[in-house]
Amino acid sequence: MDDMENKQSTGVPAEEKSFCPRGTALKRGAWFFILSTLLTGLVSLNYFRQLSIDFSGEGWVYALFTMFGHFAMWALVAWVAFCLPWALAFPRKPVAAILSVAAGTSGLALVLIDTFVFGLYRYHVYNGFVLELLFGDGAAGIFVFTAGQILLMIGAAVLVVAAGVGLWFAARLLASRCGKKAMIPAIAVLIVALVASHMMHAYYSANGSRSVYQIAEVYPGHFPLTANRFLIKHGFVDPEKVREKIKLNAGTALAYPRAELVSTQTPTKNILVIFIDSWNFRTFAPEVMPNACEFAKNAQVFTEHYSGDHGTRTGVISFFHGLPGHYFYAIRDGGVSSAFIDTLVKNKYEMGIYATASLANPPFTRTIFKNVPEGVMRYNLSARVSTAEGDVKTADAWLDFTKKYTSVPAAERKPFFGFLFFDELHAMTMPKDAEKKFPTTWENPKYEMLGKDTDPTEFFNLYQNCAYWLDAHLKRIFDDLRERGLLENTIVVLTGDHGQEFNEDGNNTWGHGNGFSAHQLKVPFVLFDASLPPKTYSHWTAHYDVTVSLLKNYLNVQNPPEDFSVGKNLFDEAPREWLLVGHPEQWAVIEKDRITHVKMGGSYEIFDRNYRFIPDAKLNVPVFQAALEQSKCFYKKD
């Protein structure tokens with residue numbers, strides 16, 4: 001009778017109270033983490049309360065699968081780490097129960113806190129630099145809480161602990177009454193949700209679903225499946241249809257531009273932008289690129305010019321949008337076009353956009369150039385040929401454009417915009433019969449031979465030979481503009497999307513995308529304007545400044561730069577104290593005397609400008625506060 005009364009009062013068999021077999025302990029733990037998954041998924045809805053997300057039909061389904069499937073994955077990790085080994089080792093002791101409740105409660109609290117931190121900074125709370133801001137030396141000056149807010153936080157903490165304990169007792173009850181009959185289907189449902197979440201992301205992100213993109217970005221520790229190339233290759237995705245879909249379903253989390261751009265008069269200047277992929281600034285020298293240097297003698301040359309990133313994707317975005325790469329996903333997800341390009345379209349510029357590599361991946365066709373007229377873009381010109389041959393095709397396409405353009409009487413012409421993107425310095429596939437001015441036995445990059453002690457001469461000479469070869473095709477473009485009488489009325493910008501490193505700092509860093517040294521960020525920058533006397537500038541400029549200068553100086557836009565960029569006019573020589581560069585996965589704040597590199601996951605390291613690690617260096621909190629504000633100031637405010 002006592003046993004029956006005990007069972008009735010607690011819902012747990014009496015024999016389980018005196019002896020808890022391993023199977024029972026594991027079932028309790030499993031139920032606890034199932035319930036924790038459900039509660040954490042519901043708490044995660046707070047992310048959406050603070051963010052501007054445009055939910056679609058597939059977006060709601062994806063959010064439902066992800067909110068439970070994603071946290072189920074982490075619950076499984078917690079069950080394996082905190083329940084399984086301890087339940088097997090100490091079945092009669094409450095070790096597994098205590099650790100499970102502690103892990104589940106901590107996870108719930110972390111997600112709850114993260115929903116607020118992410119809404120504030122657009123970064124998750126586990127980022128090292130966020131923790132430094134929250135708990136570092138300068139935190140007291142950054143975060144000031146009222147007594148009411150402190151009481152609210154204490155109350156929330158008590159509720160979270162109570163929820164964790166309550167979930168454990170609920171798990172005990174379910175383990176005793178439901179057994180495997182209910183647990184196995186519950187686990188199966190969560191596994192299906194996890195798999196469905198990743199499959200949906202792979203398909204709908206490739207097909208330009210803005211809401212799926214936006215939702216995926218929200219969840220902490222979430223790395224969803226992508227398969228863009230596979231889906232495009234096998235015909236599941238049509239890049240042009242995706243571009244049109246994004247145009248039709250325009251909408252974005254960004255307030256970009258902040259106000260409609262207003263021009264005082266119709267622009268008349270032609271604009272030609274020439275990009276060289278992976279351009280190391282040391283090759284911008286008369287012995288390597290004589291034609292580019294000769295052209296620059298009559299132009300404005302900026303010797304300390306930095307891209308907004310060490311990679312193409314956000315290096316190009318930083319130029320055309322004037323925004324840091326932190327906004328890349330919002331730009332991509334919302335199909336946000338460049339304010340500069342849209343102004344050209346509004347003014348009915350003739351356009352010729354030609355690239356050796358793809359402009360669809362990275363998604364420039366559905367962002368930067370989303371609103372350009374049909375038929376003005378040709379890209380992937382190196383398909384089925386070498387990159388060098390593709391670059392020749394790019395130059396040829398431009399010469400065909402100017403030939404057609406000048407076939408119309410001058411009085412009937414509209415101004416033109418051209419964008420040429422050469423890829424030879426990225427691929428280094430120079431024709432075998434090309435002149436090899438710089439001695440090297442290398443005919444192509446030998447990445448497998450690169451190491452800290454590798455002499456870079458052979459590799460760099462190969463690169464210089466490629467630059468020398470490409471320079472001859474730049475001459476074709478410059479000569480053509482001059483011979484057709486177009487140069488006097490054309491603003492020509494010559495630069496790179498990012499740099500290319502050859503272990504100049506001795507840190508075993510080669511190429512790009514793996515650090516934020518000057519060699520990966522600094523690029524040559526030339527602006528030709530026939531009305532300006534030649535001049536060389538040494539102040540610190542960036543890609544963010546370029547469209548500010550073009551819009552203000554040549555397209556007669558009256559808006560202040562902060563309406564459409566984080567940059568300033570190139571010709572403004574006021575000192576720049578810091579520069580935010582990078583992309584959502586890793587980024588850096590460049591200061592005059594140091595570089596703070598924030599890596600995926602939020603850990604950070606501080607280097608001097610020669611990329612030498614500085615032990616025990618502390619974050620410059622005021623600068624980081626300003627950088628974080630810059631990284632979120634173009635988001636819509638609800």
Side-chain angles (χ1 to χ4, degrees), residues 37-75 107-108 110-127 189-228 231 236-237 242 245-246 248-256 325-336 363 366-367 583-585 600 631-632 634-638:
T37 294
L38 299 178
L39 182 57
T40 305
L42 294 175
V43 168
S44 72
L45 290 171
N46 195 43
Y47 286 114
F48 306 123
R49 183 183 66 82
Q50 302 181 72
L51 301 173
S52 298
I53 293 179
D54 184 18
F55 281 96
S56 61
E58 70 267 13
W60 283 110
V61 177
Y62 176 71
L64 180 64
F65 283 142
T66 305
M67 74 166 57
F68 297 121
H70 174 60
F71 290 115
M73 179 192 69
W74 285 109
L108 181 62
L110 184 65
V111 172
L112 179 61
I113 293 169
D114 190 60
T115 62
F116 292 100
V117 171
F118 189 80
L120 180 64
Y121 287 117
R122 307 278 170 168
Y123 292 104
H124 293 293
V125 71
Y126 51 76
N127 278 278
V189 167
L190 293 176
I191 292 173
V192 168
L194 176 64
V195 174
S197 166
H198 284 277
M199 297 300 290
M200 282 191 71
H201 185 274
Y203 179 77
Y204 282 106
S205 64
N207 277 282
S209 173
R210 184 171 66 254
S211 61
V212 168
Y213 274 137
Q214 292 175 314
I215 293 164
E217 187 183 4
V218 161
Y219 289 99
H222 185 43
F223 305 100
L225 177 69
T226 58
N228 293 9
L231 294 171
F236 294 102
V237 176
V242 171
K245 176 183 177 181
I246 291 174
L248 290 172
N249 299 314
T252 173
L254 297 185
Y256 171 87
H326 294 65
Y327 293 98
F328 172 74
Y329 290 128
I331 290 170
R332 180 199 66 183
D333 302 348
V336 180
R366 65 193 208 214
T367 53
H583 49 275
E585 290 76 24
M600 181 179 286
S631 73
K632 66 187 183 72
F634 275 91
Y635 282 101
K636 290 177 180 175
K637 295 177 173 60
D638 293 335

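What's counted below: heavy atoms across the whole structure, side chains too, no hydrogens, waters or symmetry copies.
- The two residues Thr37 and Ala75 make their nearest non-hydrogen contact at OG1-CB, 3.2 Å.
- The two residues Tyr62 and Ala216 have their closest heavy-atom pair at OH-CB, 3.4 Å.
- In this structure, Phe71 CZ and Leu42 CG are separated by 10.5 Å, a value rounded to the nearest 0.5 Å.
- The distance from the CH2 atom of Trp74 to the CG atom of Leu110 is 10.5 Å, given to the nearest 0.5 Å.
- Between His198 and His222, the ring centre distance stays below 6.0 Å.
- With His70 contributing its side chain and Pro224 its backbone, the two residues share no donor-acceptor pair below 3.5 Å.
- In this structure, Gly69 and Leu194 approach most closely via the heavy-atom pair O-CD1, 3.4 Å.
- With values rounded to the nearest 0.5 angstrom, Ile331 atom CD1 is found 13.0 Å from Arg366 atom CZ.
- Ser197 and Thr66 make their closest contact through OG-OG1, 2.8 Å (heavy atoms, listed as atom of the first residue, atom of the second, distance).
- Closest heavy-atom contact between Ala72 and Leu190: CB-CB, 3.8 Å.
- Residues that satisfy the side chain to side chain donor-acceptor pair (under 3.5 Å) test with Tyr329, not counting sequence neighbours, are Glu585.
- Judged by distance alone, with hydrogens and angles left aside, the side-chain atoms of His201 form a donor-acceptor pair with the main-chain N or O of Leu225 at under 3.5 Å.
- The distance from atom OH of Tyr635 to atom NE2 of His326, rounded to the nearest 0.5 Å, is 9.0 Å.
- Summarising the geometry, atom OG1 belonging to Thr115 is positioned 10.0 Å from atom CG belonging to Leu45; distances are rounded to the nearest 0.5 Å.
- The distance from the CZ atom of Phe68 to the CD1 atom of Ile191 is 16.0 Å, given to the nearest 0.5 Å.
- In plain terms, the two heavy atoms of Lys636 and Leu254 that are nearest each other are CE-O, 3.3 Å.
- Tyr327 contributes a side-chain N or O that, together with a main-chain N or O of Ser631, makes up a donor-acceptor pair within less than 3.5 Å.
- Using a 4.5 Å heavy-atom threshold, the side chains of Tyr47 and Asp114 count as touching.
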